[in-house]
Visitor: 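Shown below is the structure under consideration.
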Amino acid sequence: MSFSRYLTIALYFFSCANTLPAQTSLILGFTPAHSAHEIALESKFKSIPTPDEERRQHRIFTQEPHVAGSKRNNELADYIAAEWKKQGLDDVIIRSYDVYGTNPKSASLEMIAPTHYQATLREAALDADPDSKNPAISGAWSGMSISGEVTAPVVYAHSGNPEDYDLLRKNGISVRGKIVLVRYSNPYSYRGFKALTAQREGAAAILIYSDPQEDGYKKGKVDPDGPWGPEYHIQRGAITYDFMVPGDPLTPGWASVPGAKRIPIEQATSAPKIMALPLSWHDAKPLLENMDGPLAPENWGGGLPIQYHLGGERVKVHLKIEMDNGTQPYYVVEGRIRGAELPDEWVVLGNHRDAWVFGGVDPSSGTASMMEMTRALGKLAKEGMRPRRTLVVCSWDGEEVGLTGSTEWGEQFADELRSKAVAYINVDEATSGPNFHGQAVASLAPMLVETSRSLQDPSGKSLYEAWKATVEREKEETKQTAAVTGASYSGKKFTDTDLADTRIGSGSDHTVFLNFVGMPVIGLQFDGDYGVYHSAYDDFYWMNHFGDPGYKYHTLMSQLWGVTALRLANADLLPFDFASYASNVRQFVNELASQNKLVILSGVRAPRSEARTQSKDPVQADTTGGPSGSFRQGFVSSSPTAASDTTLDLNGIRKEIDNFEDAGKRLNESLSRKLAAGPIDPQLAFTLNHGMMQVERNWLNPDGIPGRPWFKHILYGARFTYAHLELPGLTEAVEAQDWRTAKQQAEILQRALEMNTKLLNELNADATKP
C-alpha cells in the first residue's frame with residue numbers, strides 16, 4: 001500500500017470510528033492492519049450510492065426501447081462512456097465488434113381453419129403505465145429466427161422438450177412439416193433448446209407462448225395491479241443455439257475484430273434453421289381452444305379455462321416472418337480504476353446494456369446499479385483511495401442475442417485475462433424483488449458469504465441473515481413440494497455452505513469467463529415475483545410499483561457489488577478456499593454416481609440396463625454442426641460404445657479429490673498464519689496469488705466438451721436448456737452410456753485434480769519457507 005493511500009484511509013477510519021459497526025473479525029485474505037483499513041474504505045464506499053441516484057439512472061436506461069444494435073442502445077453506450085469519464089474512471093473506451101445480429105421486419109399469424117383469427121402480436125397499452133403507449137415498442141419477434149412463410153396445421157407440444165415429442169409420437173402425431181405451439185417454463189428450458197428440438201423433429205416453425213399458469217393471473221394480480229404478466233404480455237427472446245457456441249455465429253471461438261476470418265452463416269453451429277415467434281396467451285388461446293386430437297395429459301394443462309388438446313390437423317394457420325439478420329456493430333464500453341500497486345492484476349465486473357424493450361429489470365436495474373457503483377468507486381479514486389489491483393468495468397452489448405459482446409471481448413483478450421484476471425463479477429438483473437441469491441465457484445463461496453455479513457438489508461437485518469432466511473424458506477418449500485409429488489429430498493441440515501449457489505449454468509455474461517477463459521466467477525441478484533420478463537411491461541412503472549419501489553435494493557446491489565470487488569482488489573492474499581472447492585467436486589462426483597447408479601469402485605461394470613436410456617425413435621441428423629445422436633435432457637453425445645466396454649473406474653478420482661482437499665486445507669492454514677503474522681513479502685504474495693489464480697485455469701480442457709469444444713471447463717457446464725451441468729464431459733458421456741468417452745473424460749478430470757494438488761502443495765511449500 002502506498003503511503004498516501006495508507007494515510008488517507010487511516011485518517012478516514014479514525015474520523016468515523018464511532019459510526020462504524022463493530023467488526024472485530026479479520027477479513028478473508030487480509031492482514032489485521034489491512035482488515036481495519038478495508039473496513040474503513042468499505043464504510044466510505046457504502047455511504048455514496050443513493051436511492052435517488054439509482055432511480056435517476058434507471059429512468060435514463062428505461063426511457064426508450066433499446067434492443068441490441070439499435071440507435072438508442074448505441075446512444076446509451078456513448079452515455080455510459082461519457083459518464084464514466086466524468087466519474088473519474090481511467091482508460092474509457094468503446095470497442096466495436098461487427099457481428100451477425102438480428103432485427104425484425106414484419107410478422108403475421110392468421111388462423112385460417114376451422115375459423116378465422118388474426119393474431120394481434122402486440123401488447124395492449126395500460127392506462128396506468130405511460131411507457132406502455134410508446135410507439136417505438138416492437139411487435140412479437142424472436143431473435144435469430146429465419147425468414148419464411150408457411151401454411152400448416154398446428155400441434156400443441158407442451159414445453160417443447162424431447163420427451164414431449166415422444167408422447168406425441170405415442171399418440172400417432174407427427175410434427176414434420178407442421179407448426180408446433182409450445183409454452184415457456186413447465187419445466188423451464190431455454191427457448192433456443194425448444195427451437196432446436198422442433199427443428200430436429202422436422203417442424204416448419206415454432207410458436208412459444210406464455211401460459212398464465214407460469215407467469216400470469218394464476219400466480220396473482222397482474223400488471224398494472226400486480227407483478228404478474230397481463231393477457232397481452234409477450235416474452236421476446238433469441239433462439240440462438242449459444243449452448244453450442246456463444247457469441248458471433250460467424251466467428252466461433254475467436255473475436256469478431258477487423259480482419260477476422262468469418263464462416264458462412266450456413267455453417268454456423270449456433271444459427272437456427274427454423275422460423276420462430278413468441279405469443280401472448282391472448283393470441284395463443286384461439287389456437288388452443290379450437291384444437292382437436294387427443295386430450296393433453298393433465299400435467300400438460302395450463303391456466304386457461306379450456307381443455308388442452310394435442311391437435312394435429314384441425315387448426316391451420318398462415319405464418320409469415322421477415323427478418324433483417326446480418327452483420328452489424330455491437331459496442332462494448334470498457335472503463336477502469338487502475339490499481340495503485342498491482343495494476344496488472346484485474347478484477348472484472350460487467351452488466352449487459354441491451355434490452356428486448358425497456359428492460360426495467362433485465363438488464364436496466366443492473367445497469368443503474370453499475371452506474372452508482374462506478375460513481376462511488378470514481379469518487380474514492382479522486383480522493384486518492386485507489387484499489388491495489390485494477391478494476392475493469394464493462395457494459396456488454398448483445399447479451400440477449402447470444403451472449404455476444406462479452407464473448408467477443410473475452411475471446412479477444414483471453415490470453416491477457418488468463419495471465420492477469422483474478423475473477424469476474426456479473427450482475428445481469430440487479431433486482432425484481434427482495435430475495436438475494438448469490439452464485440460463485442466454490443473457491444469463492446466462503447468469501448461471498450463473509451462479505452454478505454458486512455452489508456445491511458433494507459429489512460433491517462444483515463444481508464447475510466436475509467439471505468439465510470431466503471434459502472431456508474426455499475428449502476422448506478422444496479421439502480413440502482417433494483412431500484406432495486413424491487420427489488426425493490435430501491433433508492441435509494442447512495449450513496452456511498448452502499448459501500452460495502455453486503451450480504453454475506449459462507444464460508448470462510459470465511459464460512465466456514468461466515467456460516472459455518477459465519476465470520472464477522461470482523453472480524449477484526435480488527429477485528421476487530416477476531411475470532413481465534422480456535415484455536414491454538418490464539419497465540419503469542413496473543419497477544416503481546412492484547420490483548423495488550424505493551430503489552433500496554438497487555442501492556444495496558451497488559454496495560454489495562462494489563464491496564465484493566474491493567475485497568478481491570485489495571486482499572493481501574486472494575481469498576480462495578480450495579478445500580471448499582474439493583468438497584464441491586466430491587459432491588458432483590457422488591451425485592453423478594448415485595443418479596446414474598454407478599458404483600465408485602475400481603473395475604466395476606457400469607450397468608447399462610439401469611442407466612438413462614435413449615429414445616427408441618431415431619433423431620434427425622444434427623444440422624447445427626454438432627454431432628448426431630441423442631440430445632435427451634439437452635445434451636449431445638457421441639454414439640454409444642458396445643456393451644462390452646462399460647467399465648468405469650471413478651476410484652482414482654475420489655482419491656485425487658481427497659488429496660486436493662488435504663492440500664487445500666494445508667494451504668488455508670499456512671496462509672492464515674502468514675496473514676496473522678502481519679506484512680507479507682511482496683514477491684511471496686505475487687507467487688502465492690498468481691499460483692492461486694492458476695487453479696481455475698487448470699480446470700480447462702483445451703479440447704473442450706465432446707461435441708461442444710468451445711466449452712472447456714471440466715467442472716462447470718450447461719445443458720442445452722441453460723441449466724447447470726456439473727462435470728459436463730463426463731456426465732454427458734455417462735448419460736449417453738458412451739463408456740469409452742466416459743473413461744476418457746474421467747481420466748481428464750483425474751489429471752486436472754492431480755495438477756492442482758501439485759500446485760497447491762508447491763504454494764504451501766512457498767508459504768511455509770522460513
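Just so you know, these numbers come straight off a predicted model, no measurement behind them.
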Visitor: Ignoring hydrogens and geometry, is there a side-chain-to-backbone donor-acceptor pair from Trp396 to Gly350 under 3.5 Å?
Guide: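 Flag not set: sc Trp396 to bb Gly350 has no pair under 3.5 Å.
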
Visitor: Could you walk me through whether Glu313 and Lys178 pass the salt bridge (charged side-chain N to carboxylate O under 4.0 Å, His left out) test, one step at a time?
Guide: CA-CA 9 Å; Glu313 297 294 339; Lys178 299 177 182 177; 3.1 Å; yes

Visitor: Counting only N and O atoms by type, is there a donor-acceptor contact under 3.5 Å from the side chain of Asp283 to the main-chain atoms of Thr120?
Guide: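 Yes.
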
Visitor: Using 0.5 Å steps for rounding, measure from the CD1 atom of Ile146 to the CD atom of Glu322.
Guide: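 It is 13.0 Å, given to the nearest 0.5 Å.
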
Visitor: Between Lys219 and Asp529, is any pair of side-chain heavy atoms under 4.5 Å apart?
Guide: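 Sidechains of Asp529 and Lys219: no contact.
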
Visitor: Looking at Leu126, is its backbone amide N or carbonyl O close enough to the side chain of Ser132 to form a donor-acceptor pair, meaning the two atoms are under 3.5 Å apart?
Guide: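 Pair found, side chain donor or acceptor close to backbone of Leu126.
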
Visitor: With Trp281, which of Tyr232, Tyr217, Trp228, Tyr209 fulfils ring-ring contact (aromatic ring centres under 6.0 Å, His included)?
Guide: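 For Trp281, the ring-ring contact (aromatic ring centres under 6.0 Å, His included) check succeeds only for Tyr217.
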
Visitor: Any idea which heavy atoms bring Ser270 and Val245 closest together, and the distance?
Guide: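 In this case the closest contact between Ser270 and Val245 is CB-O, 3.4 Å.
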
Visitor: So do the side chains of Arg176 and Glu201 get within less than 4.5 Å of each other, counting heavy atoms only?
Guide: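 Of all side-chain heavy-atom pairs linking Glu201 with Arg176, none is under 4.5 Å.
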
Visitor: Measure the shortest side-chain to side-chain distance between Pro278 and Tyr184 over non-hydrogen atoms and say whether it is less than 4.5 angstrom.
Guide: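 The answer is yes, as the side chains (C-beta and beyond) meet within the 4.5 Å cut-off.
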
Visitor: Any donor-acceptor pair under 3.5 Å linking the side chain of Asp539 with the backbone of Trp542?
Guide: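 A pair under 3.5 Å: yes.
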
Visitor: Within a strict 4.5 Å, meaning less than it, do heavy atoms of the Glu231 and Val222 side chains meet?
Guide: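 They are not in side-chain contact.
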
Visitor: Establish, yes or no, whether a centroid distance under 6.0 Å links the rings of Phe720 and Phe243.
Guide: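 They qualify: ring centres under 6.0 Å apart.
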
Visitor: Do Gln199 and Tyr241 have side-chain atoms, one donor and one acceptor, less than 3.5 Å apart?
Guide: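 Yes, side-chain donor-acceptor contact under 3.5 Å.
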
Visitor: Report the relative orientation of the aromatic rings in Tyr156 and Tyr308; use parallel for angles under 30°, tilted for 30 to 60°, perpendicular for over 60°.
Guide: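 Tilted.
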
Visitor: Please tell me if the side chains of His724 and Gln439 come closer than 4.5 Å, counting only heavy atoms from C-beta onward.
Guide: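 They are not in side-chain contact.
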
Visitor: Using side-chain contact (heavy atoms from CB on, under 4.5 Å), reason through Ile265 and Leu250 one step at a time and then give a plain yes or no.
Guide: CA-CA 6 Å; Ile265 188 62; Leu250 306 186; 3.8 Å; yes

Visitor: Quick one: does any side-chain atom of Glu429 pair with a main-chain N or O of Val361 as donor and acceptor, under 3.5 Å?
Guide: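 No, Glu429 side chain to Val361 backbone: no donor-acceptor pair under 3.5 Å.
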
Visitor: Between atom CG of Asn290 and atom NZ of Lys316, what is the distance when rounded to the nearest 0.5 Å?
Guide: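 Interatomic distance, Asn290 CG to Lys316 NZ, rounded to 0.5 Å: 14.0 Å.
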
Visitor: Hey, are Asn325 and Thr102 close enough side-chain-wise for a donor-acceptor pair under 3.5 Å?
Guide: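 Yes - a donor-acceptor pair under 3.5 Å links their side chains.
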
Visitor: Verify whether one side chain among Glu110 and His116 offers a donor that lies under 3.5 Å from an acceptor in the other.
Guide: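 Per modelled atom types, Glu110 and His116 side chains form a pair under 3.5 Å.
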
Visitor: To the closest 0.5 Å, what do you measure between NE2 (His282) and CG (Leu304)?
Guide: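 Rounded to the nearest 0.5 Å, the NE2-CG separation comes out at 12.0 Å.
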
Visitor: How many angstroms lie between atom CD of Glu289 and atom NE2 of His309, to the nearest 0.5 angstrom?
Guide: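 It comes to 11.0 Å.
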
Visitor: Between the side chain of Asp223 and the main-chain N/O of Pro230, is any donor-acceptor distance below 3.5 Å?
Guide: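 Absent.
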
Visitor: Are Asp362 and Ser432 side-chain neighbours, meaning at least one heavy-atom pair lies under 4.5 Å?
Guide: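 They are not in contact (no side-chain heavy atoms under 4.5 Å apart), so the answer is no.
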
Visitor: Can you tell me if Asp354 uses its side chain to pair, donor with acceptor, with the backbone of Glu400 under 3.5 Å?
Guide: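 Present.
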
Visitor: Begin with the C-alpha distance, continue with both residues' side-chain angles, and end with the deciding distance and a verdict on side-chain contact (heavy atoms from CB on, under 4.5 Å) for Gln235 and Trp356.
Guide: CA-CA 9 Å; Gln235 186 189 136; Trp356 284 106; over 6 Å; no

Visitor: Begin with the C-alpha distance, continue with both residues' side-chain angles, and end with the deciding distance and a verdict on side-chain contact (heavy atoms from CB on, under 4.5 Å) for Val182 and Thr197.
Guide: CA-CA 11 Å; Val182 306; Thr197 306; over 6 Å; no

Visitor: Check whether His713 reaches the backbone of Leu715 with its side chain - one donor and one acceptor, N or O, closer than 3.5 Å.
Guide: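 A pair under 3.5 Å: yes.
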
Visitor: Got Pro162 and Phe193 here, is their nearest side-chain heavy-atom distance under 4.5 Å?
Guide: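 Yes. Closest side-chain heavy atoms under 4.5 Å.
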
Visitor: Tell me if a side-chain donor or acceptor on Thr240 pairs with a main-chain N or O of Asp242 at a distance below 3.5 Å.
Guide: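 It does not hold such a pair.
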
Visitor: With salt bridge (charged side-chain N to carboxylate O under 4.0 Å, His left out) as the test, would you mind laying out the steps for Lys218 and Asp211 before giving the verdict?
Guide: CA-CA 9 Å; Lys218 285 292 186 177; Asp211 194 284; over 6 Å; no

Visitor: How long is the span from the CE atom in Met323 to the CE atom in Met275, to the nearest 0.5 Å?
Guide: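 Going from the CE atom of Met323 to the CE atom of Met275 covers 10.5 Å.
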
Visitor: Heavy atoms, side chains only, cut-off 4.5 Å: are Ser189 and Arg719 in contact?
Guide: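 Of all side-chain heavy-atom pairs linking Arg719 with Ser189, none is under 4.5 Å.
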
Visitor: When you compare the side chains of His437 and Asp501, does any donor N or O come within less than 3.5 Å of an acceptor on the partner?
Guide: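 No, no side-chain donor-acceptor pair sits under 3.5 Å.
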
Visitor: Between Asp538 and Gly360 (side chain of the first, backbone of the second, donor and acceptor by atom type, cut-off under 3.5 Å), is there such a pair?
Guide: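 Checked: pair present.
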
Visitor: Anything under 3.5 Å between a donor and an acceptor, one on a side chain of residues 505-514, the other on a protein residue two or more places apart or in another chain? List them.
Guide:
unit_1 : atom_1 : unit_2 : atom_2 : d
Ser506 : OG     : Thr511 : OG1    : 3.0
Ser508 : OG     : Asn426 : ND2    : 3.0
Ser508 : OG     : Asp428 : OD2    : 2.8
Asp509 : OD1    : Ser406 : OG     : 2.6
His510 : NE2    : Gly505 : O      : 2.8
Thr511 : OG1    : Ser508 : O      : 2.8

Visitor: Mind checking the CD1-CG spacing from Ile714 to Leu730? Nearest 0.5 Å is all I need.
Guide: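 Between Ile714 CD1 and Leu730 CG, I get 10.5 Å after rounding to 0.5 Å.
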
Visitor: Out of Ser138, Ser535, Ser142, which residue meets the side-chain hydrogen bond (donor to acceptor under 3.5 Å, both in side chains) rule with Arg236?
Guide: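 So, applying the side-chain hydrogen bond (donor to acceptor under 3.5 Å, both in side chains) to Arg236 and each of Ser138, Ser535, Ser142, only Ser138 qualifies.
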
